[in-house]
Novice: 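Here it is: the structure, laid out below.
The basis for the numbers below is simple: all heavy atoms, side chains too, and nothing from hydrogens, waters or symmetry mates.
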Amino acid sequence: MISLHGSHSLSKDMDGDNQTITTEFLLLGLSEESDQEEVVFGLFLGMYMVTISGNLLIILAISCDPHLHTPMYFFLANLSTVDICFSSVSVPKALVNHMVGSKSISYTECMVQMYFMFIFGNMDSFLLSVMAYDRYVAICHPLHYTMMMRPRLCVLLVAISWVITNLNAPLHILLMVQLTFCSHNAVHHFFCDPYLVLKLSCSDTFINDVTAFTEGAVIFITPFVCIVVSYAYIYSKVLKMPSAHGKRKALSTCGSHLTVVCLFYGTILGVYMHPISSYSLQDAVASVLFTVVTPMANPFIYSLRNRDIKGALRKIILRS
């Protein structure tokens with residue numbers, strides 16, 4: 001029988017009274033029904049295996065085919081790498097806990113999990129923004145594409161994205177570890193969602209809330225604005241094209257990227273762009289879309305509509 005309070009340590013507050021300090025959290029998952037938990041476990045295991053294998057195939061195809069050594073596929077390979085990492089931060093822990101019959105995650109593990117969720121989640125948004133800029137240059141400035149999207153610039157864009165995300169994540173975690181967590185430690189999710197963990201604190205979370213809605217929002221919304229602006233220019237350019245074939249060809253190169261952007265940003269904005277106090281179980285279920293479904297769907301979205309990727313995968317299969 002698992003205690004809903006987990007383990008705590010005893011400390012004294014400023015007045016000398018004893019209070020309990022949380023040393024672990026309980027991840028209650030998305031359902032408390034045993035039958036439903038089995039179904040969720042099967043779905044998560046299947047989706048995680050597809051995520052790893054699908055994204056690895058994308059990376060392998062791009063690495064092995066010289067024709068795919070272009071900026072667009074360089075960014076796609078990075079996106080696949082980040083998607084593997086993003087899923088691996090949360091899903092394996094949920095699967096292991098289910099298999100061993102436990103719901104616990106230590107305080108340290110929870111903070112580390114949140115740290116990497118911030119990094120890889122933000123990296124996803126930055127890479128989608130960089131890919132939108134790449135499509136903007138390809139469609140609006142095709143004659144200058146090779147000059148504008150030089151290999152050095154592509155590497156620099158990805159490197160800057162990593163630097164920004166690695167500077168942003170520690171800020172949120174440093175503020176989080178200043179908080180005190182007392183008697184309640186049950187997180188109604190399959191990973192340590194920062195919103196839900198904040199709700200458990202018995203400290204004043206005003207600074208955390210302000211930081212999340214200012215600095216955190218800026219870091220996340222800025223790439224989204226860049227994507228919107230890039231596609232505004234693309235749409236304007238496409239409308240001016242004289243032939244219907246040219247319009248279809250231009251839009252076809254953006255279709256896969258737009259699908260991923262809508263799936264990723266649509267769910268995140270719906271889940272997190274409202275006060276912490278109104279966060280519900282429905283939001284937790286919806287967050288599965290960007291933490292598990294989107295990383296799994298990306299390889300299919302980009303490969304099924306891309307003849308170059310399918311051709312590279314076909315060559316790998318024939319060689320093996």
Novice: Quick check for you: to the nearest 0.5 Å, what is the distance between Met241 atom CE and Ile139 atom CD1?
Specialist: 6.0 Å
Novice: Crowded around Phe41 CZ? As in, over 12 foreign heavy atoms under 6.0 Å?
Specialist: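 Enclosed: over 12 neighbouring heavy atoms sit under 6.0 Å from CZ of Phe41.
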Novice: Taking atom types as modelled and ignoring hydrogens, do the side chains of Thr108 and Ser106 form a donor-acceptor contact shorter than 3.5 angstrom?
Specialist: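 On atom types as modelled, these side chains do not qualify, holding no pair under 3.5 Å.
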Novice: Please name the pair of heavy atoms, one in Cys154 and one in Pro71, separated by the smallest distance, quoted to 0.1 Å.
Specialist: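 Minimum heavy-atom contact is SG-CB, 3.6 Å.
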Novice: How far apart are the C-alpha atoms of Ile309 and Ile62, what are their side-chain angles, what is the distance that settles it, and do they pass the side chain to side chain contact (heavy atoms under 4.5 Å, CB included) test?
Specialist: CA-CA 8 Å; Ile309 292 288; Ile62 293 172; 4.1 Å; yes
Novice: Is the shortest side-chain heavy-atom distance between Tyr133 and Cys226 below 4.5 Å?
Specialist: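 With C-beta onward as the side chain, the pair stays apart.
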Novice: Please tell me if the side chains of Phe74 and Val158 come closer than 4.5 Å, counting only heavy atoms from C-beta onward.
Specialist: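 The answer is yes, as the side chains (C-beta and beyond) meet within the 4.5 Å cut-off.
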Novice: When rounded to the nearest 0.5 angstrom, what distance separates CG in Leu263 from CD1 in Ile301?
Specialist: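 Here the interatomic distance stands at 6.0 Å.
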Novice: Got a sec, which residues hit salt bridge (Lys or Arg N to Asp or Glu O under 4.0 Å) with Glu215, two or more places apart in sequence or on another chain?
Specialist: none
Novice: Report yes or no: do Tyr233 and Ile227 belong to one cluster of Ile/Leu/Val/Met/Phe/Trp/Tyr joined by side chain heavy-atom distances under 4.5 Å?
Specialist: yes
Novice: So Ser88 and Phe116, do their side chains get closer than 4.5 Å, heavy atoms only?
Specialist: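 Not in contact.
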Novice: Without swapping roles, check the side chain of Thr81 against the backbone of Ala77 for a donor-acceptor pair under 3.5 Å.
Specialist: yes
Novice: Looking at residues at least two apart in the chain, or sitting in another chain, which of them share a ring-ring contact (aromatic ring centres under 6.0 Å, His included) with Tyr265?
Specialist: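 For Tyr265, the residues satisfying ring-ring contact (aromatic ring centres under 6.0 Å, His included) (neighbours in sequence not counted) are Phe220, Phe224.
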Novice: Measuring only between side-chain heavy atoms, which start at C-beta, is Tyr145 closer than 4.5 Å to Asp134?
Specialist: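 The answer is yes; the side chains approach within 4.5 Å.
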Novice: Walk me through it: do Val261 and Met131 pass the test side chain to side chain contact (heavy atoms under 4.5 Å, CB included)?
Specialist: CA-CA 10 Å; Val261 167; Met131 293 170 77; over 6 Å; no
Novice: Which atom pair, heavy atoms only, marks the closest approach of Ile58 to Ser80?
Specialist: CG2-OG, 3.4 Å
Novice: So, Tyr73 versus Asp65: side-chain donor-acceptor pair below 3.5 Å or not?
Specialist: no
Novice: For Tyr136 and His141: C-alpha separation, side-chain torsions, deciding distance, then whether ring pair (Phe, Tyr, Trp, His ring centres under 6.0 Å) applies.
Specialist: CA-CA 8 Å; Tyr136 156 74; His141 304 282; 5.4 Å; yes
Novice: Could you tell me which residues satisfy salt bridge (Lys or Arg N to Asp or Glu O under 4.0 Å) with Glu109, sequence neighbours excluded, listed by chain and number?
Specialist: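 Residues passing salt bridge (Lys or Arg N to Asp or Glu O under 4.0 Å) with Glu109: Lys93.
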Novice: Give the cluster check for Leu153 versus Met147: same hydrophobic cluster or not, with ILVMFWY residues linked at side-chain heavy-atom distances below 4.5 Å.
Specialist: no
Novice: Would the distance check show the side chain of Ser236 and the main-chain N or O of Ala232 forming a donor-acceptor pair, the cut-off being under 3.5 Å?
Specialist: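 Absent.
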Novice: Decide yes or no on side chain to side chain contact (heavy atoms under 4.5 Å, CB included) for Tyr195 and Val271, but give the supporting numbers first.
Specialist: CA-CA 10 Å; Tyr195 261 36; Val271 170; over 6 Å; no
Novice: Are Val163 and Val82 connected in a single hydrophobic cluster, I mean Ile/Leu/Val/Met/Phe/Trp/Tyr linked by side-chain heavy atoms less than 4.5 Å apart?
Specialist: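 Cluster IDs for Val82 and Val163 differ.
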Novice: Below 30° counts as parallel, above 60° as perpendicular, anything between as tilted: where do the rings of His257 and Tyr231 land?
Specialist: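 It falls in the parallel class, under 30°.
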Novice: Between Phe75 and Leu128, is there a side-chain heavy-atom distance shorter than 4.5 Å?
Specialist: no
Novice: Look up atom CG in Leu200 and atom NE2 in His188, then write down how far apart they are to the nearest 0.5 Å.
Specialist: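 So the gap between those two atoms works out to 8.5 Å.
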Novice: State, yes or no, whether a side-chain contact exists between Ile160 and Phe126 at a heavy-atom distance under 4.5 Å.
Specialist: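 The answer is no, as the side chains (C-beta and beyond) never meet within the 4.5 Å cut-off.
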Novice: Could you state the interatomic distance from OG (Ser63) to CG (Leu56), rounded to the nearest 0.5 Å?
Specialist: 10.0 Å
Novice: Show your reasoning for whether side chain to side chain contact (heavy atoms under 4.5 Å, CB included) applies to Leu43 and Met47.
Specialist: CA-CA 6 Å; Leu43 288 174; Met47 289 190 290; 4.3 Å; yes
Novice: Linking I/L/V/M/F/W/Y whenever any side-chain heavy atoms sit under 4.5 Å apart, do Leu167 and Ile219 land together?
Specialist: no
Novice: Can you see which heavy atom on Met114 is nearest to which on Pro194, and at what distance?
Specialist: SD-CA, 3.6 Å
Novice: Are Met148 and Val155 connected into the same hydrophobic cluster when the rule is that any two of I, L, V, M, F, W, Y join if their side-chain heavy atoms are below 4.5 Å apart?
Specialist: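 As far as the 4.5 Å side-chain criterion goes, Met148 and Val155 are connected within one cluster.
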Novice: Nearest 0.5 angstrom please: Cys64 SG to His69 NE2, how far?
Specialist: 7.5 Å
Novice: Any side-chain heavy atom of Leu30 sitting closer than 4.5 Å to one from Phe44?
Specialist: yes
Novice: Check for a donor-acceptor pair, side chain of Thr294 on one end and backbone N or O of Leu289 on the other, with a separation under 3.5 Å.
Specialist: yes
Novice: If you measure from SG on Cys192 to CE on Met176, what distance do you get to the nearest 0.5 Å?
Specialist: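 Output value for this atom pair is 9.0 Å.
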Novice: Any side-chain heavy-atom pair from Asn298 and Phe264 closer than 4.5 angstrom?
Specialist: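 Contact flag for Asn298/Phe264 side chains = no.
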Novice: Using the ring of each side chain (for Trp, its six-membered ring), is Phe290 parallel, tilted or perpendicular to Phe86, with breaks at 30° and 60°?
Specialist: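 Parallel, since the angle between the ring planes stays under 30°.
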